[in-house]
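To keep things clear, I will list the structure first and then write my remarks on it.
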Amino acid sequence: MYSDLKLGFRPPHRRTNNNHFIVLLGISVLVLGFGFALFGKPSNSFPQPDPPILGSVSFPTEQEKNECDLFDGNWIPHSDEPPYTHKSCGIIEDHQNCMKNGRPDTGYLYWRWKPRFCELDRVDPTSFLEAMRNKTWGFVGDSISRNHVQSFLCTLSRAEMAVEVYHDEAYKSRRWTFPTYNFTVSVIWTPFLAKASISEDDNGVSTSDIELHLDVLDPVWTLPYRNLDYVIISAGKWFVKTAIYLENGAVLGCHYCPKRNLTELGFNFAFRKVIRNVLRHVAGSRHGGTILYRTTTPDHFEGGEWFEGGSCKREKPSKEGELEMSEMNRILREIELEEFERASSAANEKGVDLVLFDVSPLSMLRPDGHPGAYRHFHPFENGKGNKVIYDCLHWCLPGPIDSWNDILFEMVMRKQ
Ligand SMILES: *[C@@H]1O[C@H](CO)[C@@H](O)[C@H](O)[C@H]1NC(C)=O
Ligand SMILES: *[C@@H]1O[C@H](CO)[C@@H](O)[C@H](O)[C@H]1NC(C)=O
Ligand SMILES: *[C@@H]1O[C@H](CO)[C@@H](O)[C@H](O)[C@H]1NC(C)=O
């Protein structure tokens, strides 16, 4: 069932010509840079106890398909205030705290996701928390999962403020509880989902290349996995970084390591292997809860990559078809959808509730939702603006990914 026939992944076009290699290189450089700029240590300089974030995924079940597809729709203008602000919720990470950082336009806050064939109301946080009494959730992945979990906790904060009960040294993995409801939410930082040696310091500067074990899942999530009632798993951009790939403890090759005499395997090779192992693990796990796989989220750099002065200055959602997904995002997405489909029949047979949380297309329509220059505090003060690096990958909070939670809550409440 899990034959390796399809491992020779072919990107939509240009597999064999130089163009593609250039694309791979360009991507490597971009993500390397982001090791510092975007994937570095979360800023925890704010004094309050902070909740974390995380990501999620889902594919509509047969029943949901007949009723409506929550992921098929468009963004409509809406006058409701966002579910929280930086003043009401103290757990927003500085780099995504766009209001506090002085982002001047607010139009991006007044859009709601509207599925084509059904209504999607904002779920009442009290009803949701009531339904989650005694339950545990885990958001598993990279800094976008952290971004998501912060949105999730802030959205619920109108009913009750989460209390932090655990954090690791770097504040990357954290756990909170909602005391009245005995509801526990964790974010588990594992950017590859597989075992990896990551030698980045707090500024994201690597002292040596990443060694990624394609065939070994990261125990940081597989150990607590069994005890989580809901798990939202995702991965993505870290796979584009320079890395040495190992299997059975032996070096197979690498991605973007020109100084080493190793076979360039392409990041798509590693991504497919790891995602396949992750989903195979899930499908065979006899897990009694719900496992959501969140699709990777697109970035929206325009006018160049981040290091070339690329930016994201739009103030409104884009129309369907107006923006094209980058080749890197398309490659990641194609692998995810193929591997999900492959795993979901196995999961069905074994009675595992594996759901696709497919927020990639609806997020593609929100180039206006990133911090951009406002990942920094008042970036244009005192002529600093010239050198500002834009973040067009993570999401402002409050912001468009609050709608991910509208969808998530709706999916979960339907299962109750
Ligand atoms: C939550 O756990 C407590 C203690 O085990 C139990 O008394 C209560 O019935 C549980 N509530 C729900 C909704 O499962
Ligand atoms: C809280 O929920 C856990 C299950 O997640 C249960 O074992 C425990 O008894 C509950 N505690 C209380 C005080 O309800
Ligand atoms: C690179 O590896 C190949 C095959 O393993 C070997 O034949 C070649 O001599 C190596 N080149 C260098 C510069 O080490």
Side-chain angles (χ1 to χ4, degrees), residues 7-8 16 18 21 24-25 28 49 51-54 56 123-140 145 149 152-153 155-168 173-188 208-214 219-233 242-267 269-270 282 285-292 351-355 405 408-416:
L7 284 180
T16 51
N18 284 341
F21 189 58
L24 292 181
L25 289 190
S28 307
I53 21 168
L54 92 91
S56 67
V123 170
D124 167 47
T126 306
S127 322
F128 181 78
L129 284 170
E130 196 54 65
M132 290 300 116
R133 201 172 273 278
N134 293 353
K135 301 261 190 263
T136 57
W137 281 53
F139 290 80
V140 175
S145 292
V149 91
F152 183 87
L153 295 171
T155 298
L156 296 174
S157 71
R158 271 188 298 153
E160 179 161 272
M161 208 65 203
V163 177
E164 188 185 69
V165 291
Y166 165 82
H167 64 78
D168 66 4
S173 293
R174 299 166 84 176
R175 189 163 64 244
W176 294 264
T177 178
F178 290 85
T180 305
Y181 302 92
N182 188 28
F183 173 44
T184 305
V185 179
S186 300
V187 63
I188 300 170
S208 63
D209 291 341
I210 291 165
E211 291 185 2
L212 179 60
H213 295 261
L214 302 179
V220 76
W221 75 269
T222 55
L223 290 179
Y225 171 76
R226 252 173 209 296
N227 298 320
L228 298 167
D229 298 301
Y230 291 83
V231 190
I232 304 177
I233 302 176
T242 288
I244 312 295
Y245 298 150
L246 296 93
E247 204 166 55
N248 274 325
V251 172
L252 283 186
C254 71
H255 172 55
Y256 189 55
C257 56
K259 289 187 189 141
R260 295 182 189 242
N261 192 11
L262 291 175
T263 312
E264 164 66 49
L265 293 169
F267 68 87
F269 174 83
V282 167
S285 64
R286 298 178 198 278
H287 194 289
T290 296
I291 319 300
L292 300 116
V352 172
D353 189 19
L354 173 63
V355 181
N405 293 321
L408 191 56
F409 292 171
E410 177 72 21
M411 291 170 71
V412 167
M413 294 300 269
R414 281 184 189 180
K415 288 178 189 280
Q416 295 301 302

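Note that the structure is predicted; figures quoted are calculated from it, not measured. One-based numbering, in listed order, for ligands and for the atoms of each.
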Under the salt bridge (Lys or Arg N to Asp or Glu O under 4.0 Å) test, which residues partner Arg226, sequence neighbours left out?
none
Which ligand 3 atoms does Asn261 reach within 4.0 Å, using its non-hydrogen atoms?
1 (C), 2 (O), 3 (C), 8 (C), 10 (C), 11 (N), 12 (C), 14 (O)
Tyr225 and Ile291, any side-chain heavy atoms less than 4.5 Å apart
yes
Atom pair OH (Tyr181) and CE (Met132), whose distance is rounded to the nearest 0.5 Å
12.5 Å
For ligand 1, list all ligand N or O to protein N or O distances below 3.5 Å, rounded to 0.1 Å.
from	atom 1	to	atom 2	distance (Å)
ligand 1	2 (O)	Asn134	OD1	3.4
ligand 1	2 (O)	Asn134	ND2	2.2
ligand 1	11 (N)	Asn134	ND2	3.0
ligand 1	14 (O)	Asn134	ND2	3.3

Can you tell me how far apart CG (Asp229) and OG1 (Thr290) are? Round to the nearest 0.5 Å.
8.5 Å
Among all residues two or more places apart in sequence or in another chain, which pass the side-chain contact (heavy atoms from CB on, under 4.5 Å) test with Pro179?
Glu160, Val163
Sorted by chain and residue number, the side-chain contact (heavy atoms from CB on, under 4.5 Å) partners of Thr184 (sequence neighbours excluded) come out as Thr136, Arg175, Thr177
